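First the structure, in the form of structure tokens, and then the observations on it.
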Amino acid sequence: MTGKVPDDLLRVSDLAPQTLVELLDLAVGMKQEPLGWERDLRGGAIGCVFEKPSTRTRVSLAVAAHRLGMAAIVLNRGELQLGHGESVGDTVRVLSSYLDAITVRTFDHAVVEQMADAASVPVINALSNTHHPCQSLADLLTLREHFGTLAGMTAAFIGDGTSNTCNSFLAACAASGMHLTIAAPPGYETDEDILEEARSLMAQTGGSVSLTTEPIEAVGAAQAVYAEVWVPMDKGHEREERTERLAAYRVDDALLAHAPREAVAMHCLPATRGQEITSEVLDGPRSLVWRQAQNRLPTAQAVLHTFITTARRCTA
Ligand code: CP
């Protein structure tokens, strides 16, 4: 790894473009030879602190750890003293003395930052309300496998422009020199700070981001069309409003008819079939969704290996 590896992976923008490419390259190698790195971290362990449900992230991290010779200890909030008043700082300080990395899925991104500040081992964001970097690595790997290259690619994100998946995909596009159009309804526009950070990086990588409220306009030149759940885990109380406001932001065959013939459909899952994406698209020939899910494993393996080996070298 020649790119700089940060102490923690909290957001995609923590990764320099070169580091991102090298993580994807490593994931390709790990996909081809899953047990080729099992000696490097043998006897180690990661903690998976999950305050929200997860299928893909939790299992891919656990299997990735196993393939690297490590144990994965899943820690649900209610099973920790954290759920009974012990502070985040005290918890993480102690966990750092047992574990080689702490992965965390939580609500407020500030909690992930707090954990990273208190930890002496890498903290990997397994999803916060504002960022989902592990997902974006799998997204990029999937697109690179399909199209051969990322720089110059065009993509459209349809729906909730404030979502963690959108924020992280935007940052991933920025680092990769991609052109992204986000189609979101009023009230669901991507945060200006996140846009500004992406634009600043895109000025160096050659990418671009544009905004619209019109899904048809967004997909017109898109090689990849990304659908996102309308009602995320922490927004159940907004279900009715979101379902109504996002109703025109469904990725279906009618929308994809406006996209180039080569356009593929993406979704991070879990999907609400018939809402943000139809079964015809999800299970159809243009879907890269299942490959995206599959690629969570080698990218998780690459992240764990890279961050843990770098941290060990720094403390040796
Ligand atoms: N995409 C994703 O993060 O899936 P899970 O919520 O199942 O982990």
Side-chain angles (χ1 to χ4, degrees), residues 9-12 14-15 23-24 27 31 46-67 72-77 101-109 111-112 123-143 145 155 157-173 224-236 239 242 251 264-273 275-277 279 281-283 287-304:
L9 177 56
L10 309 190
R11 315 154 48 114
V12 171
D14 290 337
L15 300 169
L23 275 172
L24 298 184
K31 202 168 168 176
I46 66 163
C48 305
V49 179
F50 275 65
E51 302 195 281
K52 290 181 176 181
S54 168
T55 298
R56 281 143 288 270
T57 310
R58 192 163 64 171
V59 177
S60 62
L61 283 166
V63 176
H66 176 70
R67 287 182 174 182
I73 302 162
V74 177
L75 303 158
N76 296 312
R77 186 183 178 87
I102 299 168
T103 68
V104 55
R105 169 168 289 205
T106 189
F107 296 85
D108 190 346
H109 188 74
V111 172
V112 187
V123 170
I124 309 298
N125 180 4
L127 181 147
S128 66
N129 284 356
T130 37
H131 298 281
H132 198 359
C134 295
Q135 179 63 51
S136 298
L137 286 170
D139 298 342
L140 289 185
L141 178 59
T142 306
L143 287 172
E145 282 177 347
F157 193 96
I158 309 297
D160 182 0
T162 70
S163 68
N164 45 23
T165 304
C166 183
N167 290 341
S168 290
F169 188 62
L170 168 60
C173 290
V225 178
Y226 207 128
E228 169 67 336
V229 69
W230 291 344
V231 188
M233 285 178 269
D234 55 314
K235 303 282 186 195
R239 181 174 303 281
R242 284 177 159 265
V251 174
V264 295
M266 302 180 76
H267 192 301
C268 72
L269 299 175
T272 312
R273 288 171 178 261
Q275 281 204 353
E276 75 278 358
I277 191 166
S279 288
V281 173
L282 201 52
D283 302 323
S287 174
L288 283 190
V289 175
W290 309 106
R291 180 94 71 89
Q292 272 177 274
Q294 203 182 68
N295 280 336
R296 294 296 306 271
L297 177 50
T299 48
Q301 199 176 343
V303 164
L304 291 178

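Order of listing sets the numbers, starting from 1, for every ligand and every atom in it. As the structure is a prediction and not an experimental result, all values here were calculated from the model.
- No hydrogens or angles considered: nothing links the side chains of T130 and N164 as a donor-acceptor pair under 3.5 Å.
- Among all protein heavy atoms, the one lying closest to atom 4 (O) of ligand 1 is R56 NE, 2.9 Å.
- Residue contacts with ligand 1: S54 is placed with a nitrogen or oxygen under 3.5 Å of a nitrogen or oxygen of the ligand (distance criterion only).
- For L269, a nitrogen or oxygen atom sits less than 3.5 Å from a nitrogen or oxygen atom of ligand 1, counting backbone and side chain alike.
- Considering backbone and side-chain N/O of C268, one or more are found under 3.5 Å from N/O of ligand 1.
- Side chains of N129 and K52: a donor on one and an acceptor on the other come within 3.5 Å.
- Set against the non-hydrogen atoms of T57, the atoms of ligand 1 under 4.0 Å away are 2 (C), 3 (O), 5 (P), 8 (O).
- For the pair R296 and D139, the salt-bridge criterion is not met [side-chain N within less than 4.0 Å of a carboxylate O].
- The shell of residues lying under 4.0 angstrom from ligand 1, judged by heavy atoms, includes R296.
- Heavy-atom contacts of T55 reach the following atoms of ligand 1: 5 (P), 7 (O), 8 (O) (cutoff under 4.0 Å).
- Looking at R273 and S279, their side chains do bring a donor and an acceptor atom within 3.5 Å of each other.
- The closest heavy-atom contact to atom 6 (O) of ligand 1, among the options M233, R58, R105, comes from R105.
- Each of I102, T106, L9 was compared with V112 under the side chain to side chain contact (heavy atoms under 4.5 Å, CB included) criterion, and only T106 meets it.
- Ionic pairing of E145 and K31 is present here: one or more N-O contacts between side-chain nitrogen and carboxylate oxygen are shorter than 4.0 angstrom.
- Using a cut-off of 4.0 Å between Lys/Arg side-chain N and Asp/Glu carboxylate O, R242 and D160 are scored as salt-bridged.
- For atom 3 (O) of ligand 1, the closest non-hydrogen atom on the protein side is H132 NE2, 2.7 Å.
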